[in-house]
Number of protein chains: 2
Amino acid sequence: MAKDDITIYEIAKEAGVSPATVSRVLTHSARVSPAKKTVVEQVIKKYHFQPNAAARSLIDTRTHIIGMMVADIRNPFYASVVVECELAAQRRGYTLVLCNLLDDKQLENRSLENLYAQRVDAIIQIGSRVDDRCSDPDYVNRVRRISQRIPFITTGKLDGVENCWRINLDQRRSLAIALEYLMALGHQRIAFLGGRWDVSSTWIMRQSFIRFAKAHHLYVCPEYIIDSNYDETGGYQAFTKLWAYMPQPPTACVCVNDFVALGVYKALRDHGMRIPQDMSVMGFDNTYLARLAEPGLTSMDYDYPAFGEQLISLALAAAQDQNPPHLQYLIPQMVIRQSTAAASDRTP
Amino acid sequence: MAKDDITIYEIAKEAGVSPATVSRVLTHSARVSPAKKTVVEQVIKKYHFQPNAAARSLIDTRTHIIGMMVADIRNPFYASVVVECELAAQRRGYTLVLCNLLDDKQLENRSLENLYAQRVDAIIQIGSRVDDRCSDPDYVNRVRRISQRIPFITTGKLDGVENCWRINLDQRRSLAIALEYLMALGHQRIAFLGGRWDVSSTWIMRQSFIRFAKAHHLYVCPEYIIDSNYDETGGYQAFTKLWAYMPQPPTACVCVNDFVALGVYKALRDHGMRIPQDMSVMGFDNTYLARLAEPGLTSMDYDYPAFGEQLISLALAAAQDQNPPHLQYLIPQMVIRQSTAAASDRTP
DNA sequence: ATGAAAGCGCTAACAA
DNA sequence: TTGTTAGCGCTTTCAT
């Protein structure tokens, strides 16, 4: 520990009591006579004493630390979730340890081990390999092993890990809300831009998209679903590709996230098309980018404070063996801005 | 600790050696005969054993944890710094504990105490009360106390805290680069939009702005410097105010950060002005917003990887009593995009 | 080179 | 109600 670190022994000595009594005052774990309690509290205050968290967690069954692995905190979606998780954790006296995975499997593995070494009470992972449609077997093994000791919570999935809890965004529902809205505006030809088939959440979105479109007799063709990465360059490329060989141009684009939507914005401008007059655009995640965009981007919102609350309370429930449900869904909500409007062209 | 947690005793027993030997293998702290070493390593591998970090840090003088307090991780500037710090820390076998301060003094105080309770090896704070031009005396006292045990590193300042190290962005330099560039484009009337006088870094920026402008005979008037908050609404309001009572309209706006610049973008559009033809706009921090903006925003960049490296190596040097310099500067660099161009109007 | 034993700071039985 | 004591998991003398 730090140089001349103060301990409960010093406090005890100065207060004229035993270390145990100091501990009792600290933890409120047992009755202490008001007189001694006051003295102890004063000495504690005098030195601004804070018990050593490491020593505590050696005894306690809990470290009161939650490990959080996210793909990249620079993405505002993850940043929002992390902030809300941190607040929810704080409220319960828990601390968050954050790990960025940065698309680096090595780093992801090390982060996991590191959180285990810290004996965190639970691990929450958002993004990266829990988003794979087909879980990476190597990673599954790693997590399976660790999850025998530490509950593993994710917003994605990891096939074959027993001690795993999931909170999933209700993509089916999101797509339905989005498409119903666009249909009501008269859109019949809608494209789905961005993302990849091997990403679980994207796969679900696309499946939901196709099913809904078929069920509601929207115009559907494979050229309306375009792969891309998840940033604005992806959006730009996706739209460019869409435009290149298009049988019938769509009147609306649903984008896999806000970044991609902004890439589509740029592409539309470069093609001299106006938003929303010539093309309606929708994003997902309702990050602040949606608010910042010109025109404001209609986007699917997830109640982030509720999201954080749910993740943390799930993590703690699992850590306390309360057997919470293994799969929960988060209900989305649409935020309508200026990027969507009535279809300009209603020919089928 | 977790339920049936495995310890070095189990490892030792199964390997037929003493716990001390296992420890020696783990830490490479002393020679162990190759034979035993191999056995121990195999058992460790078999159980994927990771020594309990809390138990280690009880003995060790170091916890190998660095506490990081940032104003708000959702701001891409902070997010970038945090990611780079995390990488730099990882490289040295250190873990980062992140705290968001969220403009909540209570939370800021608690975060500080919490990091102390964890006996982190160093505390880095970016944003919030270390940005006050006049340091909050209460906070100074808190940090002063804690910094007697844990070195305190910041990108701002905290008057009267001895054990404090600073890495500051070289605002004077930044402003000079920005203004020289705009002057070279023929701009004579330049406004400085956004931020507040009571924020240290903004104050320095404005002082540098005024001094440079005077020294280079640019048109200077108080109406060209407008207060606002630091997000895009601030930028919008600042520009609106600027436009309301303007003796001579400027031909370029330097904005305190990229968010504010995007607010200015929006205001300009609402006034029917084009960027950069009617007005050049510059941002600061070169976040991805600058890249995303339409047109691309010219912005002042700080070498983020270097920034993270410098912060972490400074933190560790201070933690190891190596007496590093108490104040270092970070050299900025301008990234030119499409939001700046030759002045349209050269009348003084 | 190796093991026994002490101790890091704290809490929780167990006595008193 | 209070103090004494043992022990959490690890590392590190100190012997051997």
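Below, chain A is the first sequence line, B the second, and so on; all start at residue 1. Treat the numbers as computed from the prediction; the structure is a model and nothing was measured.
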Checklist entry - NZ of K37(A): more than 12 outside heavy atoms within 6.0 angstrom? => result no
Next on the checklist: Can you identify which nucleotide, out of dC10(C), dG9(D), dG3(D), has its nearest atom closest to the S18(A) side chain?
Outcome noted: dG3(D)
Item to check | Interatomic distance where NE2 belongs to H64(B) and P belongs to dC10(D) [whole Å] | outcome: 15 Å
Checklist outcome for this item: B/S/- along nucleotides 11-16 of chain D (protein heavy atoms under 4.0 Å) is BB----
Checklist entry - If you count the non-hydrogen atoms of other residues, nucleotides and ligands that lie under 6.0 Å from CG in D103(A), is the total more than 12? => result no
Checklist outcome for this item: By nearest-nucleotide position on DNA chain C, the 5'-leaning member of Q50(A) and K36(B) is K36(B)
Item to check | d(CZ, R149(B); P, dG9(C)) in whole Å | outcome: 11 Å
Item to check | Interatomic distance where NZ belongs to K13(A) and P belongs to dT4(D) [whole Å] | outcome: 13 Å
Checklist entry - Where do I73(A) and V70(A) come nearest, in terms of heavy atoms and distance? => result N-CG2, 4.1 Å
Checklist entry - Parallel, tilted or perpendicular for W165(B) and H326(B), by the 30°/60° rule? => result parallel
Next on the checklist: In whole Å, I'd like the distance from the NE2 atom of H28(A) to the P atom of dA12(C).
Outcome noted: 13 Å
Item to check | L26(A) and I8(A), any side-chain heavy atoms less than 4.5 Å apart | outcome: yes
Checklist entry - Taking CG from N52(B) and P from dG9(C), how many angstroms apart are they, rounded to a whole number? => result 16 Å
Next on the checklist: Whether S33(A) contacts dT2(D) is assessed here as follows: a side-chain N or O lying under 4.0 Å from the phosphate OP1 or OP2. Is that the case?
Outcome noted: yes
Checklist entry - What integer distance in Å separates L58(B):CG from dC8(D):P? => result 13 Å
Next on the checklist: Nearest whole Å is fine: how far is dC10(D) C1' from I6(B) CD1?
Outcome noted: 14 Å
Checklist entry - For N168(B) and T155(B), does a side-chain donor sit closer than 3.5 Å to a side-chain acceptor? => result no
